[in-house]
Visitor: 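To start, I am sharing the structure in question, which I have written as structure tokens.
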2 protein chains.
Amino acid sequence: MGRHREFDVDKALDAALSVFWKNGYEGTSFEDLTRATGVARPGLYSAFGNKETLFFKAIDRYDTKHLTYLREALAEPDVHSAVRRFFEGSITVQTLNGEGRGCAVLNGALACSTETEPIRQELIARQKLTEDAWRVRLERGLQEGELPPSTNCAMLAGYLMAVNHGLGVQAKAGASKASLAAIVEHVLATLPPAPTKKRDAHQAPLPSHRRPSRRDAK
Amino acid sequence: MGRHREFDVDKALDAALSVFWKNGYEGTSFEDLTRATGVARPGLYSAFGNKETLFFKAIDRYDTKHLTYLREALAEPDVHSAVRRFFEGSITVQTLNGEGRGCAVLNGALACSTETEPIRQELIARQKLTEDAWRVRLERGLQEGELPPSTNCAMLAGYLMAVNHGLGVQAKAGASKASLAAIVEHVLATLPPAPTKKRDAHQAPLPSHRRPSRRDAK
DNA sequence: AGCTTTTTATAATGATTGGTACTGAAAGAG
DNA sequence: CTCTTTCAGTACCAATCATTATAAAAAGCT
């Protein structure tokens with residue numbers, strides 16, 4: 001009873017996400033949003049509240065639609081596979097061209113006006129959740145013997161996130177997926193190696209030449 | 001012959017830099033600038049042109065005042081020292097609290113409205129110059145035998161920049177200098193090693209246990 | 001002293017911004 | 001059919017934005 005909504009709320013949300021992803025929060029005007037969604041101002045307000053609530057609904061949408069790789073990565077059976085899955089998913093999402101480039105969260109989390117600072121802080125908090133999840137996963141890997149005993153899991157989680165942020169910056173600047181993938185390979189190749197169980201240093205396969213004592217000395 | 005300017009142009013520029021560094025270009029209003037500089041609108045226009053020209057004068061100021069470490073790093077005698085100097089300088093500048101956090105260039109280079117896109121592209125171009133300088137420096141290091149023959153200098157330059165961008169993001173989000181320094185140590189420890197000249201693997205100092213053949217096999 | 005030049009400070013300007021008011025249209029119930 | 005509810009579309013609103021206009025003040029010259 002009453003007129004039915006003509007536009008598809010989910011489609012409008014996807015369109016809004018795409019604009020926010022590209023321009024960030026402050027760089028996106030309400031006019032941009034009405035143009036991209038094809039919905040007039042009151043329609044968007046009626047469906048989503050206001051610009052800020054729409055923004056966070058879009059970010060949530062980004063999370064559920066595009067960040068599944070993170071949960072998949074954290075569920076991988078070993079640390080190396082987890083990190084690989086993470087970065088592969090990351091560079092795939094961050095080099096999408098039709099929908100967005102870089103990371104929608106990062107694109108709003110760097111600098112803004114004083115009035116928008118609370119929004120930025122919320123985005124930073126989301127990044128922090130991801131870093132914490134990595135630290136927990138790495139600590140589990142450490143306990144399971146996948147990482148050298150001296151591994152600083154907080155540092156390594158911070159490192160992984162720093163690299164990911166940097167890849168996001170480069171993706172937003174136009175870097176190709178292939179060039180980002182090469183960086184990912186380097187990162188994977190330089191992850192702390194699993195400690196060896198035995199000391200047959202001269203007969204073990206090549207990776208066994210990586211001795212934990214070298215890192216302990218640091 | 002005429003009234004003398006009462007404000008110090010350099011001090012005003014420093015104040016403007018600080019605001020742009022914190023809020024980015026679009027997040028900084030002209031009101032923010034007049035407040036921070038203590039100079040009225042016409043005075044700022046008279047001295048600097050308009051908001052955009054002031055922004056780039058501020059970025060140039062950032063370059064000359066704070067990015068000397070980059071030139072110093074590129075002038076270091078060996079690659080390892082160069083990279084170390086680079087990151088040490090970077091995390092020092094990016095964790096300054098009074099003046100700014102993160103990187104003033106990066107803070108404006110991620111996302112913005114359509115009208116501001118040319119400004120963003122200019123900032124991206126500056127980042128690209130730095131990455132190119134690193135690639136050239138690494139290629140020189142490769143020729144001088146400091147890096148394994150298989151080293152992909154473009155990839156490594158991209159990697160260094162990605163890490164640096166990521167450190168900037170984390171610094172802007174409030175990370176401490178010490179936590180960034182730990183990440184830097186990890187990066188330095190995982191740089192491609194100089195190839196050994198001889199094969200006295202059992203008597204050389206510890207770093208010599210890093211064999212180029214391991215990277216070649218990758 | 002008056003005159004000219006340049007800066008300071010306040011006010012004004014037109015455009016843009018996020019949000020709301022209002023009217024007509026659509027949908028369903030009785 | 002009328003009535004009620006809800007949406008669509010246009011117009012409107014107050015605040016903000018970068019920039020300019022204007023009048024007064026300061027500085028130096030004659």
Side-chain angles (χ1 to χ4, degrees), chain A residues 1-13 15-59 108 111-120 122-123, chain B residues 1-13 15-20 22-59 108 111-120 122:
Chain A
M1 175 160 34
R3 183 173 178 177
H4 287 209
R5 181 172 276 151
E6 288 178 8
F7 68 90
D8 183 319
V9 171
D10 287 339
K11 280 192 179 165
L13 187 58
L17 167 59
S18 191
V19 185
F20 280 129
W21 193 342
K22 177 167 185 275
N23 298 337
Y25 181 78
E26 278 189 320
T28 299
S29 69
F30 216 84
E31 181 68 37
D32 292 332
L33 292 166
T34 57
R35 198 181 306 120
T37 55
V39 181
R41 291 162 178 275
L44 285 183
Y45 279 99
S46 147
F48 300 113
N50 62 11
K51 186 184 175 184
E52 177 174 333
T53 49
L54 171 56
F55 178 71
F56 282 114
K57 283 182 165 75
I59 292 292
C112 64
S113 67
T114 307
E115 304 83 69
T116 306
E117 186 66 20
I119 291 177
R120 189 177 87 92
E122 168 66 35
L123 297 176
Chain B
M1 178 169 21
R3 183 172 177 176
H4 286 208
R5 183 172 275 150
E6 287 178 9
F7 67 89
D8 182 319
V9 172
D10 287 339
K11 280 191 177 162
L13 187 58
L17 167 60
S18 190
V19 185
F20 280 130
K22 177 168 186 270
N23 300 336
Y25 181 78
E26 277 189 321
T28 300
S29 68
F30 217 84
E31 179 68 35
D32 293 331
L33 292 167
T34 57
R35 197 181 306 122
T37 55
V39 181
R41 292 161 182 275
L44 285 182
Y45 279 100
S46 146
F48 300 111
N50 63 10
K51 184 184 175 185
E52 177 175 332
T53 49
L54 172 56
F55 178 71
F56 281 114
K57 285 183 167 70
I59 292 291
C112 65
S113 67
T114 305
E115 302 83 69
T116 306
E117 186 65 20
I119 293 177
R120 189 177 86 93
E122 168 66 36

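Note that the structure is a prediction, hence the values are computed from the model and not measured. Sequence lines set the chain letters: A, B, ... in the order given, protein chains first and strands last, and positions in each chain run from 1.
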Visitor: Taking ring pair (Phe, Tyr, Trp, His ring centres under 6.0 Å) as the definition, give me every residue that meets it alongside A:Phe48, ordered by chain and number, with sequence neighbours left out.
Guide: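 With sequence neighbours excluded, A:Phe48 shows a ring pair (Phe, Tyr, Trp, His ring centres under 6.0 Å) to no residue whatsoever.
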
Visitor: Between A:Thr34 and A:Glu31, is there a side-chain heavy-atom distance shorter than 4.5 Å?
Guide: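 The answer is yes; the side chains approach within 4.5 Å.
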
Visitor: Is the backbone N or O of A:Ser113 less than 3.5 Å from a side-chain atom of A:Glu26, with the two atoms forming a donor-acceptor pair by type?
Guide: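 Pair found, side chain donor or acceptor close to backbone of A:Ser113.
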
Visitor: Taking atom C1' of D:dG9 as reference, at what distance in whole Å does atom OH of A:Tyr45 sit?
Guide: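 In whole Å, D:dG9 C1' and A:Tyr45 OH are 15 Å from each other.
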
Visitor: Is there any side chain to side chain donor-acceptor pair (under 3.5 Å) pair reaching into residues 47-56 of chain B, and which pairs are they, with sequence neighbours excluded?
Guide: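 Only B:Asn50-B:Thr53 qualify under side chain to side chain donor-acceptor pair (under 3.5 Å).
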
Visitor: Output the rounded distance in Å from CZ (B:Arg41) to C1' (C:dT13).
Guide: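 Those two atoms, CZ and C1', are 12 Å apart.
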
Visitor: Working to the nearest 0.5 Å, report the span between NZ of A:Lys57 and CG of A:Leu17.
Guide: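 One gets 14.0 Å once the value is rounded to the nearest 0.5 Å.
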
Visitor: Output the residues of residues 15-40 of chain A in contact with DNA chain D, where contact means a heavy atom of the residue under 4.0 Å from an atom of the strand; sort by number or write none.
Guide: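 Heavy-atom contacts with DNA chain D come from A:Ala40.
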
Visitor: When you look at B:Leu13 and B:Asp8, which way does the side-chain contact (heavy atoms from CB on, under 4.5 Å) test go after all the steps?
Guide: CA-CA 9 Å; B:Leu13 187 58; B:Asp8 182 319; over 6 Å; no

Visitor: List the atom of B:Ala15, the atom of B:Ala36, and the distance in Å for their closest heavy-atom pair.
Guide: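 Closest approach of B:Ala15 to B:Ala36: CB-O, 3.6 Å.
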
Visitor: Please report, rounded to the nearest Å, how far the P atom of C:dT7 is from the CZ atom of B:Phe48.
Guide: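 Value for this atom pair: 13 Å.
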
Visitor: Report the distance from atom CD of B:Glu6 to atom P of D:dA27, rounded to the nearest whole Å.
Guide: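 About 7 Å, once rounded to whole Å.
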
Visitor: Please round to the nearest 0.5 Å and tell me the distance separating atom CZ of A:Phe30 and atom OG1 of A:Thr37.
Guide: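 Here the rounded value is 8.0 Å.
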
Visitor: With sequence neighbours left out, write down each residue that passes ring pair (Phe, Tyr, Trp, His ring centres under 6.0 Å) with A:Phe55, or none if nothing qualifies.
Guide: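 A:Phe55: ring pair (Phe, Tyr, Trp, His ring centres under 6.0 Å) contacts with A:Phe20, A:Tyr25.
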
Visitor: For the pair made of CD in B:Glu115 and P in D:dC17, what is the distance, rounded to whole Å?
Guide: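 The answer, rounded to whole Å, is 15 Å.
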
Visitor: How far apart are the closest heavy atoms of A:Cys112 and B:Asn23, and which atoms are they?
Guide: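 Looking at all heavy atoms of both residues, the shortest contact is O-OD1, 3.2 Å.
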
Visitor: Starting at atom CG of B:Asp8, determine the distance to atom C1' of C:dT7, rounded to an integer number of angstrom.
Guide: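 Computing the B:Asp8:CG to C:dT7:C1' distance gives 15 Å.
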
Visitor: Name every residue in residues 49-59 of chain B that has at least one heavy atom under 4.0 Å from any atom of DNA chain D, in order of residue number, or write none if there are no such residues.
Guide: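 Contacts with DNA chain D under 4.0 Å: B:Asn50, B:Lys51.
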
Visitor: Within the sub-3.5 Å range, which N or O atoms of nucleotides 1-6 of chain C have a protein N or O partner, and how far apart are they?
Guide:
from  : atom 1 : to     : atom 2 : distance (Å)
C:dT6 : O2     : B:Arg3 : N      : 3.2

Visitor: Rounded to whole angstrom units, what separation is found between the CZ atom of A:Phe7 and the P atom of D:dC7?
Guide: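 The distance from CZ of A:Phe7 to P of D:dC7 comes to 9 Å, rounded to the nearest Å.
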
